[in-house]
Amino acid sequence: MSQTTPPDSRSFPLRRQCPLAPPPEYDRLRAQEPVSEVRLPTGGTAWLVTRYEDVRTVLSSPAFSADGTRPGFPTLLPGHEQILRRPPFIRMDPPQHSFYRRMLTQEFTLKRVRTMRPGIQTTVDRLLDDLLARTPPVDLVEAFALPAPSLVICQLLGVPYDDHESFQSRSKAVLSGASTAEQSATALGGLRAYMDGLITRKQREPGDDLLSKLVSEQLEPAGELRRDELLMMCVMLLSAGHETTANMISLGAVALLEHPDQLAALRSDRGLLPGAVEELLRHLSIADLVTTRIAAEDTELGGTAIRAGEGVIALLAAANWDPGVFPEPERLDVHRGNRHHVGFGYGVHQCLGQNLARLELEIALSTLFARIPTLRVTVPVDELPYKHGGLLFGLHELPVSW
Ligand code: HEM
């Protein structure tokens with residue numbers, strides 16, 4: 001961490017003013033101070049990186065490490081230092097990172113994920129049947145956006161969906177920014193204990209699911225994984241597998257409702273759907289703050305010297321709104337045809353679940369608007385309860401009618 005103290009105006013995270021756009025300060029920083037120092041809420045300082053090319057450099061150059069155990073690794077939320085003491089592979093460097101990621105890549109290839117399409121469609125249809133049977137207003141987060149990806153990741157991993165309330169609320173407590181360090185630690189401990197119990201169950205009664213497969217093939221003594229390593233891997237998959245996509249479904253629905261011309265274009269040409277999902281991922285950049293790193297050596301970025309051991313935050317929303325790469329970035333344009341946004345990160349840690357997330361978003365959003373053509377939000381969009389201050393941006397609730 002740097003010894004100099006940045007001015008108070010640079011305290012971080014910055015707040016979104018319009019919920020469907022990054023904090024406006026990102027534009028000024030990108031134009032005037034593309035690598036600038038900020039004070040972190042957990043103490044210490046870090047470098048904020050706002051230009052697209054610089055963000056990609058941070059996420060792909062070995063000069064920047066994802067190793068969360070390095071002293072001074074930046075944390076944004078209370079209690080997250082303890083996640084870094086025994087981090088999952090998202091906070092490791094190669095070759096350690098590659099060792100774990102390799103065990104999972106086959107499970108998330110495009111080919112494998114495509115076989116899940118009918119199952120995801122059935123899940124989405126069932127949820128919408130239940131939603132339509134209710135009297136509006138209904139909370140779209142609780143009735144649809146959260147259960148849809150939760151059911152999918154539960155089925156993939158072999159986690160009983162009946163346990164959803166406990167793992168959803170604990171994941172939220174760890175990621176939301178609304179918890180104290182103690183609450184976050186308790187929630188993480190609860191998730192670990194839950195997964196530990198599940199591993200024991202899969203050892204006794206294996207099923208046709210990913211957790212059972214990992215237990216039988218990778219866990220010691222037959223495999224190379226210690227129990228605590230498998231546990232961390234599965235906690236990460238369970239949390240990352242539902243909380244992220246849930247935020248994208250609800251926020252994506254709001255963004256399309258706020259841009260009726262884009263929604264109409266999408267309705268008239270289903271072929272636009274994959275591009276629309278990419279554009280929503282770029283535009284909303286819900287994982288803006290996830291990509292933290294630490295300089296592994298003295299280096300230089302955008303003309304600024306960064307010393308070994310200093311924290312770096314590669315802001316995904318700032319990169320995705322870089323006008324040099326995405327002209328008129330504020331325009332949500334389903335025809336834009338971009339696949340080079342960094343909404344899923346970049347480099348070796350680029351989202352493992354991106355094929356699954358894309359498919360879930362395509363099915364969830366297209367089916368939602370096809371089945372409920374008169375869908376509307378019942379509260380002014382700027383008065384909705386947004387997840388400011390959390391690691392992932394999104395909505396706590398979304399009251400809708402039709
Ligand atoms: C729209 C939804 C999603 C978004 C926006 C998203 C975003 C991201 C981002 C930005 C990263 C990179 C973090 C970094 O470099 O530090 C990441 C990594 C990861 N994501 Fe996702 N994600 C989504 C859905 C999912 C799903 C459905 C899964 C399912 C299992 C998943 C699992 C993971 C894992 C395991 C990693 C770590 C990869 C590694 O370190 O090699 N994500 N995600």
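First listed ligand is number 1; within each ligand, the first listed atom is number 1. Computed from a predicted structure; not experimentally measured.
For the pair R56 and Y346, the cation sits on the ring face: its NZ or CZ lies under 6.0 Å from the ring centre, inside 45° of the axis. A cation-pi arrangement, defined by a distance under 6.0 Å to the six-membered ring centre and an angle within 45 degrees of its axis, is present between R16 and F393.
Residue contact check for ligand 1: H242 places no non-hydrogen atom closer than 4.0 Å to it. Assignment of L104 to the shell around ligand 1 is not supported, since no heavy atom sits closer than 4.0 Å. Not a single heavy atom of L59 lies less than 4.0 angstrom from ligand 1.
Taking every heavy atom of I90 and a limit of under 4.0 angstrom, the matching atoms of ligand 1 come to 13 (C), 18 (C), 37 (C), 40 (O). Residue contact check: F108 has heavy atoms under 4.0 Å from atoms 30 (C) of ligand 1. Which parts of ligand 1 touch L316 is read off a 4.0 Å heavy-atom cut-off, strictly below it: atoms 10 (C).
Considering all non-hydrogen atoms of both residues, D93 and R70 come closest at OD2-NH2, 4.2 Å. The two residues V152 and I120 have their closest heavy-atom pair at CG2-CG1, 4.0 Å. In this structure, T378 and V400 approach most closely via the heavy-atom pair CG2-C, 3.8 Å. For the pair I83 and P88, the tightest heavy-atom approach, listed with the atom from each and the gap, is CG2-CD, 4.0 Å.
Here L225 contributes atom CG and E217 contributes atom CD; the two are 11.0 Å apart, rounded to the nearest 0.5 Å.
Residue Y346 does not touch ligand 1, judged by heavy-atom distances below 4.0 Å. By the criterion of a heavy-atom distance under 4.0 Å, the side chain of R91, and not its backbone, is placed next to ligand 1. When non-hydrogen atoms are compared, ligand 1 lies under 4.0 Å from the backbone of V348 (N, CA, C, O) but not from its side chain.
Closest to atom 5 (C) of ligand 1, if we only count protein heavy atoms, is G343 O, 3.7 Å. For atom 1 (C) of ligand 1, the closest non-hydrogen atom of the protein is M248 CG, 3.5 Å. If you check which protein heavy atom lies closest to atom 29 (C) of ligand 1, you get G241 CA, 3.6 Å.
Considering backbone and side-chain atoms alike, R101 places an N or O below 3.5 Å from some N or O of ligand 1. Looking at ligand 1, you won't find any N or O of T291 less than 3.5 Å from one of its N or O atoms. For ligand 1, the polar-atom distance check finds an N/O of H97 within less than 3.5 Å of one of the ligand's N/O atoms.
Within the set H349, R293, M92, the minimum heavy-atom distance to atom 16 (O) of ligand 1 is found for R293.
Residues R331 and Q262 bring no donor and acceptor atom of their side chains to less than 3.5 Å of each other.
Ion pairing between a basic and an acidic side chain is recognised when a charged N comes within 4.0 Å of a carboxylate O; R126 and D129 show no such pairing. Under a 4.0 Å N-O distance rule, the pair E278/R336 does not qualify as a salt bridge. A salt bridge does not link R226 with E220: every distance from a Lys NZ or Arg NE/NH1/NH2 to an Asp or Glu carboxylate oxygen is 4.0 Å or more.
Taking the six-membered ring for Trp and the full ring otherwise, the centers of H349 and F89 sit at least 6.0 Å from each other. You'll find the ring centres of F326 and Y52 inside the 6.0 Å limit.
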L238 vs V159, side chain to side chain contact (heavy atoms under 4.5 Å, CB included): CA-CA, chis, key distance, verdict | CA-CA 9 Å; L238 182 59; V159 170; 4.3 Å; yes
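Excluding waters, the set of protein N, O or S atoms lying under 2.8 Å from atom 21 (Fe) of ligand 1 comprises C351 SG.
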